[in-house]
Amino acid sequence: MNRTLLRFRLKHSLPGAAFALGGLILFGLLMCGAYQAFGMDRNLAEALPGSEAMLRAMLGERGALMWDLTSFLAMAWRHPIVLAVIAGMAASYGSAFLAREVGDGTADLLFSRPVTRSRLFWNDLAVSSGIMAAVTVLFSLSLWVAASAMGLSPPGVAQFFRAGVLTLAFALALLAVAYLVGSLLSDGRRAMAISAALFIAMYMVDAVGTLWDRVEPLRPLSLFAYFTPLDSLKARPEGTGNAIILFAVAAAAVALSHVVAGRRDL
Amino acid sequence: MYAISTDSLTKHYGRVRALRGLKLEVVQGTVFGFLGANGAGKTTAIRLLLGLIKPTSGSATVLGRDSVTEGADLRREVGYLPGELAMYPWASGQELIGLLGGFYPETPWRRELCDALEMSAADLRRPIREYSTGMKQKLGLIQALQHAPRLAILDEPSRGLDPVIQRSFFDLIRRISGRGTTVFMSTHVLSDVEHVCDRVAIIRAGELLVTDDVDSLRRRKVHRLEVTLAQPADMSWVLETGASLTELSYPPATYVIETADRLGAVLRRLGELPVVGMVSERPRLEDVFIRYYEGQVAKP
């Protein structure tokens, strides 16, 4: 690892990441506060018969829904705002390494140093994945702290840890896919737009597939289908299985983008 | 010993043949000018030398290392100024130099460079987005030369520099060349080449036209004489010598004579005529360059 490069990348990525994390934590606090202040357990339980389909789509849950705090927290975790922040960060970081460097012309400066592309790739990935890990883990932790501090009796910290690991796996899978897109293109904005469009398409497949049986067979193609914090919070084995699948996708996409980045012209 | 040696170096982008069988040898310690119009293939050749792109066929050896398989190692001793210089606008000059210099052992040379190019510490603390084109170019030169490389590859180095800084830049090139650094300079500004280069190569449409010493190339120039006579005279003898003749005006009787190798004979005959004025411009490399570009000179 090149320390100067790590410091440089961190310095210029941290403000944005801190802003995103602050937003996520604030969102979690508001959700927990709203749950407590407005008795949302009762309200949502009463509303459940009419809005179960929508809630199931949000949770990525195929089976019958039992409404309680755990389901509410899982809904907060998979809320479109949270997903948009995580996917946006992944698309932005993934497109920055090669596509944006080449498109902006800064690749000529960076890649003409006495360092292999492979090393630059791992450096960049270390910074991006480190930031994604910090954001997802701190967000998960903040939800547990907020729910506990408000006396909501959330699931144990072990379940939160599992959900945090699942969120990290999900974020890394998105990040790796965005890296792959970025490795193939020479324009940062285009790479970011394509990654974002891909993520939206995957989300739609997952959400619609939850509700509509004809689309359901396509759900395994969507990374969102494996992001099931409700499984982790309820300590179901599916949560661990999904985390493994997401980590495997991340590893495969990273390996592929590493090969592409090493072979392409700059 | 060659600092750069290429063998049939070829690069195609789809159907576009950016570089065709380039065979180039740059002797260590020389200042080498790589001349060509925009789109001639200069930048493609440089990017191949640095291992940023891979050749379609052929090979390039830089400081004894293969550009494809030993790219990272060869770049340790190379300083590179890109032609289309893009920088991180949010970073300060100091940060950028620190980032790019962090890959090499530290040298005291950076301070000297900043002084030579009149880049103050206050300038370096400012964000790059506030820099003028000339300041960016100076920063580009500093980052390229700060580690005292054995080979400096400079793509359009004088672009955006004001005349005063250009002069300092040429002095700088002579200084680093005097210390043994090989300078490979791509440009289409012929005066740059005339100022500092020992040898020059001319490239057109991806194909090398000629490689020669600057002085030797200059000797291939066309001498252009603008002669004014007291009264009109029969000038058909000019054509007999193999020179070309253009009647410019009358009165006064002014003729333009252009000759590559019959200057002595022309001058002897002119001595017999009532010459009242004669203008002979300093030989320009540009004339040679244009003649090569227009295909008036056969490839050697």
Side-chain angles (χ1 to χ4, degrees), chain A residues 1-19 92-93 95-124 126-128 183-189 258-266, chain B residues 11-14 18 43-44 46-56 63 65 67-92 94-106 127-128 136 139-140 143-144 147 149 153 155:
Chain A
M1 294 287 160
N2 181 290
R3 282 184 193 171
T4 323
L5 184 59
L6 283 177
R7 269 204 304 272
F8 184 80
R9 286 274 191 244
L10 268 177
K11 187 178 168 190
H12 295 291
S13 303
L14 278 181
F19 184 74
S92 169
Y93 292 149
S95 62
F97 173 60
L98 260 179
R100 198 178 306 161
E101 292 275 2
V102 173
D104 292 355
T106 47
D108 276 357
L109 282 180
L110 192 59
F111 290 81
S112 60
R113 303 300 117 184
V115 62
T116 57
R117 275 187 215 179
S118 173
R119 206 167 147 202
L120 288 174
F121 178 88
W122 293 121
N123 253 289
D124 198 80
V127 173
S128 308
S183 298
L184 290 162
L185 299 174
S186 299
D187 180 338
R189 284 182 188 167
H258 182 258
V259 171
V260 173
R263 284 170 179 265
R264 67 170 284 177
D265 281 345
L266 295 179
Chain B
K11 180 69 184 176
H12 296 170
Y13 293 105
T43 301
T44 300
I46 286 176
R47 295 165 73 79
L48 285 164
L49 293 177
L50 288 163
L52 297 177
I53 54 177
K54 292 183 174 67
T56 307
L63 298 171
R65 294 189 171 96
S67 67
V68 175
T69 57
E70 299 171 282
D73 285 334
L74 80 83
R75 291 194 293 265
R76 200 174 303 283
E77 298 182 287
V78 175
Y80 172 48
L81 172 73
E84 295 289 332
L85 187 55
M87 296 170 170
Y88 306 102
W90 60 83
S92 69
Q94 188 68 51
E95 265 183 298
L96 187 84
I97 287 180
L99 167 72
L100 300 173
F103 292 91
Y104 313 93
E106 210 162 300
I128 292 169
K136 280 184 193 163
L139 190 65
Q143 66 77 27
H147 55 289
I153 297 181
D155 198 353

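Residue numbers start from 1 in every chain, and the chains themselves are labelled A, B, ... in the order their sequence lines are given, proteins ahead of strands. Reckoned from all heavy atoms, side chains included, excluding hydrogens, waters and symmetry mates.
Of the residues considered (B/Q143, B/K54, B/R75, B/E95), B/R75 shows the highest number of contacts with chain A, using heavy-atom pairs under 4.5 Å. In terms of non-hydrogen atom pairs under 4.5 Å with chain A, the most contact-rich of B/Y88, B/Y80, B/Y104 is B/Y88. Counting heavy-atom pairs under 4.5 Å between each of B/R47, B/H147, B/E84 and chain A puts B/R47 at the top. Top candidate by heavy-atom pairs under 4.5 Å with chain B, chosen from A/L110, A/T116, A/T106, is A/T106.
Heavy atoms closer than 4.5 Å to chain B are found in the side chain of A/R117, but not in its backbone. Looking at B/L81, neither its backbone nor its side chain comes within 4.5 Å of chain A, counting heavy atoms on both sides. Heavy atoms closer than 4.5 Å to chain B are found in the backbone of A/D104, but not in its side chain. For B/E77, no part sits under 4.5 Å from any heavy atom of chain A, backbone or side chain.
Between the side chain of A/R113 and the backbone N or O of B/G101 there is no donor-acceptor pair closer than 3.5 Å.
Within the 4.5 Å cutoff, no side-chain heavy atoms of A/D108 are placed close to those of B/L85.
Nearest heavy-atom pair across A/G105 and B/A86 is C-CB, 3.7 Å. The two atoms that bring B/G102 and A/T4 nearest to each other are CA-OG1, 4.1 Å, heavy atoms only.
Listed by chain and number, the residues in a ring-ring contact (aromatic ring centres under 6.0 Å, His included) with A/F111 are A/F97 (sequence neighbours excluded).
Shown here is A/F19, whose CZ atom has no more than 12 heavy atoms of other residues, nucleotides or ligands within 6.0 Å.
A distance of 8.5 Å separates CG in B/L99 from NE2 in A/H12, rounded to the nearest 0.5 Å.
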